[in-house]
**Student:** 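Supplied in structure tokens, the structure appears directly below.
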2 protein chains.
Amino acid sequence: MDLSSIEIFLAVASDRSVTKAARAVGRVPSNVTTRIQQLEEDLGACLFCRDGKKMTLTREGETFFTYANRLMALALEARQAVRPLAPSGTLRVGTMESTAASRLPAALTQFNQMWPDVSLQLTMGASRDLARDVLADALDCALIARPPKTVRQDDRDFDAELEALAMETVFVEDLLIVLPSGHPAIKSAADLRVGALAALEPGCTYRRIAENWARQSSALPTSELGSYHAILASVATGNTAGVMPKSVLDLMHWPAVLPTHQLGPVETLLVSRRDNRPSAFSAFHEVLSATKSRDMRLATN
Amino acid sequence: MDLSSIEIFLAVASDRSVTKAARAVGRVPSNVTTRIQQLEEDLGACLFCRDGKKMTLTREGETFFTYANRLMALALEARQAVRPLAPSGTLRVGTMESTAASRLPAALTQFNQMWPDVSLQLTMGASRDLARDVLADALDCALIARPPKTVRQDDRDFDAELEALAMETVFVEDLLIVLPSGHPAIKSAADLRVGALAALEPGCTYRRIAENWARQSSALPTSELGSYHAILASVATGNTAGVMPKSVLDLMHWPAVLPTHQLGPVETLLVSRRDNRPSAFSAFHEVLSATKSRDMRLATN
DNA sequence: AATGAAAATCTCTTTTTCAGAATTTGGATG
DNA sequence: CATCCAAATTCTGAAAAAGAGATTTTCATT
């Protein structure tokens, strides 16, 4: 039983899918399958019901799930407890809207409990701008979307800036096109029956990915909105298709279930300058990593 | 940070020596060194002070030590919690005197807390007899000393019986010759200034090892006693040399410190029949393994 | 029945772990 | 102060494990 198996187990348990879990933990599905089998072998118990293609927890799996969460929480706490110089002062964190909405609440709560003496300064912005701010030392670190090759080719400056930064994947998002309710399923942008794409600022990586995808087969204008709530409201009018990660859509429990189209997985990176990282940064980094695939409600060891 | 590193860390921390820890966890010292270095690297903190050849915990090491214990305890608890069929009924355990005295108290306490419904039936005896009882299904399992080659050659039946059993190393003992206080240090049995060796029954592996060692250079009679307390008392008379593992000597806080001679490490095996193992057996096995290198006083996660 | 997606299996490559030898270090002893 | 001894570390090659990718199987959906 090793902690990385437990992380994998938690991912499978919460996604109920080895494919998704594999993406979440940055591994290949065959590997996830194997690790789960090893874990079951080691514990001498069957953790998942494989009925059909769903992976649901067995009774024993449920039991182990709570222990797995406690183990991860305890490991994180141990890690933080041995930090030789206790973090303090201010940590300036930049983040995308989407991450702030979906992922940060749990992580920030945890971080505040552990390091009440660190004051976190949160700045919202587009990936493009956040990266520049980190490089200019206006931020200590930032959570941005990794731009795919197509975007990096369009914007060589951005690419160069990223090269100069230290980065690590902390989350993986499913980027979606959200369609008005009743809109037929689409294969490509050509099938869209809307007048515009609703997205955030121009520097937003998600927006760029969506625009790249859209201009392959249609010439759709982008209507710029200030928040994901605004985007969803705009979609509800029936005339636009929204761009947002699945995790954001999930937490906005919208009355009706909207048809969506997947644009594929996009990694969320934690970027920072290579040198001169404040002690609070590594603490923050660890908390984010631990939050990756874990249910924070169970975090009180 | 993986659980096997933590086990290694605990062994080094409690032995304050990588050589001893390596023996305790059944690995080679270079490996232990490497794993500790990896752990320190991973945590970004120095866990041990290497002043001279002592490995003492740093402040961070002390902190981590308590977390390491809690993590191991929690992992054990998780393991037990997912057992598909809860152990119950009676488990007949055979054990050597020495193991009963030094190692079992902690393990049995833990086991009782976890499985109050299992009634443990403890039988004391010599390794030779215990092995035979397990084979004859008079016991479910037994803790015996692994006889070295020399002993196995003397007793082919014993050897054959062991072959037929499933076995796993659970502890490693330092077998000692305990000399009367004031006795000069010895290199071999020829240096002994006593009239006899004090040991337990003839079937006792420790006794056989000592007798084999003694007859290489002298013709010492063995005086047979009923308990380790009796042996120590006999040593105190000045006329005998006692045979016992270091762990037993350590817990008998004798007023004076007695000179000792090391006969080398001897493994304690948990043996059982290969088939038909009751569900309580694996639970017991797990508890013993977890107890191996851990301080049970900290076991309440 | 055909299709498609997801999990499992298999195979090969890469990485990590481990053992054993060689080296270094520090303490003890003459 | 030199010598010896034991313990830790470093180094190197072999063995084991993890991981990726291709292939197969399985099961929902049409």
Side-chain angles (χ1 to χ4, degrees), chain A residues 1-9 11-42 46-58 61 169 172 174 184-187 246 259-262 264-265 267, chain B residues 1-9 11-42 46-58 61 169 172 174 184-187 246 259-262 264-265 267:
Chain A
M1 182 177 8
D2 92 86
L3 292 191
S4 70
S5 306
I6 290 180
E7 191 188 336
I8 294 171
F9 165 80
V12 177
S14 39
D15 288 339
R16 273 181 283 288
S17 146
V18 344
T19 311
K20 292 206 190 94
R23 267 213 298 271
V25 298
R27 293 165 138 89
V28 99
S30 64
N31 189 20
V32 171
T33 298
T34 311
R35 299 292 297 255
I36 295 293
Q37 287 172 344
Q38 286 173 349
L39 191 60
E40 291 182 322
E41 164 89 8
D42 175 38
C46 182
L47 264 18
F48 290 96
C49 283
R50 280 87 165 169
D51 34 84
K53 36 183 59 168
K54 257 171 261 153
M55 300 280 286
T56 54
L57 288 169
T58 59
T169 302
V172 180
D174 245 349
I186 63 175
K187 289 256 172 219
K246 180 163 186 305
T260 59
H261 172 74
Q262 296 192 4
E267 295 176 8
Chain B
M1 186 180 359
D2 96 83
L3 292 193
S4 70
S5 306
I6 289 179
E7 192 188 336
I8 293 172
F9 165 80
V12 177
S14 38
D15 288 338
R16 274 181 284 289
S17 147
V18 345
T19 312
K20 294 207 189 94
R23 267 213 299 273
V25 299
R27 288 159 198 269
V28 98
S30 64
N31 189 18
V32 171
T33 297
T34 312
R35 300 292 295 257
I36 295 293
Q37 287 171 345
Q38 285 172 349
L39 191 60
E40 291 181 323
E41 164 88 8
D42 175 36
C46 181
L47 263 18
F48 290 97
C49 282
R50 280 90 164 166
D51 35 84
K53 36 182 58 170
K54 259 169 260 153
M55 300 281 288
T56 54
L57 289 170
T58 59
T169 302
V172 181
D174 244 349
I186 64 176
K187 290 256 171 218
K246 179 163 189 306
T260 59
H261 172 74
Q262 296 192 5
E267 295 176 8

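Quantities reported herein were computed from a predicted structural model and do not represent experimental measurements. Letters A, B, ... mirror the listed sequences (proteins, then strands); counts begin at 1. Heavy-atom basis, side chains included; hydrogens, waters and symmetry copies ignored.
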**Student:** So what does V18(B) touch, heavy atoms closer than 4.0 Å: a base, only the sugar-phosphate, or nothing?
**Tutor:** sugar-phosphate

**Student:** Could you tell me which residues satisfy side-chain hydrogen bond (donor to acceptor under 3.5 Å, both in side chains) with S5(B), sequence neighbours excluded, listed by chain and number?
**Tutor:** D2(B), R35(B)

**Student:** When all nucleic acid strands are considered with a 4.0 Å heavy-atom cut-off, which category describes T34(A): base, sugar-phosphate, or nothing?
**Tutor:** nothing

**Student:** Holding to side chain to side chain contact (heavy atoms under 4.5 Å, CB included), I want the full list of residues that pass it with K54(B), two or more places apart in sequence or in another chain.
**Tutor:** D51(B), T56(B)

**Student:** Is there side-chain contact between L3(B) and E7(B), with heavy atoms separated by less than 4.5 Å?
**Tutor:** no

**Student:** Got a sec, which residues hit side chain to side chain contact (heavy atoms under 4.5 Å, CB included) with T58(A), two or more places apart in sequence or on another chain?
**Tutor:** C46(A), C49(A), E60(A)

**Student:** Taking only residues at least two apart or on different chains, which pairs with a member in residues 15-30 of chain A satisfy salt bridge (Lys or Arg N to Asp or Glu O under 4.0 Å)?
**Tutor:** R23(A)-D174(A)

**Student:** Could you list the residues that satisfy side-chain hydrogen bond (donor to acceptor under 3.5 Å, both in side chains) with E40(A), not counting sequence neighbours?
**Tutor:** R50(A)

**Student:** Reading DNA chain D from 5' onward, which residue's closest nucleotide shows up sooner: R27(A) or R50(A)?
**Tutor:** R27(A)

**Student:** With a 4.0 angstrom cut-off to heavy atoms of chain A, pull out the first and last contacting nucleotide of DNA chain D, in 5'-to-3' order.
**Tutor:** dA18(D) to dA28(D)

**Student:** Please identify each residue that fulfils side-chain hydrogen bond (donor to acceptor under 3.5 Å, both in side chains) with N31(A), with sequence neighbours left out.
**Tutor:** none

**Student:** Kindly write out the residues that satisfy side chain to side chain contact (heavy atoms under 4.5 Å, CB included) with T260(B), not counting sequence neighbours, or none if the list is empty.
**Tutor:** L176(B), V178(B), L249(B)

**Student:** With sugar-phosphate meaning primed atoms plus P, OP1 and OP2, does S30(B) contact a base, only sugar-phosphate, or nothing at under 4.0 Å between heavy atoms?
**Tutor:** base

**Student:** Please report how far the helix from dA1(C)-dT30(D) to dG30(C)-dC1(D) bends, comparing the axis fitted to its first five pairs with the axis fitted to its last five, to the nearest 10 degrees.
**Tutor:** 30°

**Student:** Heavy atoms of chain A, cut-off under 4.0 Å: which first and last nucleotide of DNA chain C, 5' to 3', fall inside that, if you could look?
**Tutor:** dG4(C) to dT9(C)

**Student:** Can you name the side chain to side chain contact (heavy atoms under 4.5 Å, CB included) partners of S30(A), sequence neighbours left out?
**Tutor:** V28(A)

**Student:** Take I36(A) and V12(A), measure what side-chain contact (heavy atoms from CB on, under 4.5 Å) needs, and give me the verdict at the end.
**Tutor:** CA-CA 9 Å; I36(A) 295 293; V12(A) 177; 4.0 Å; yes

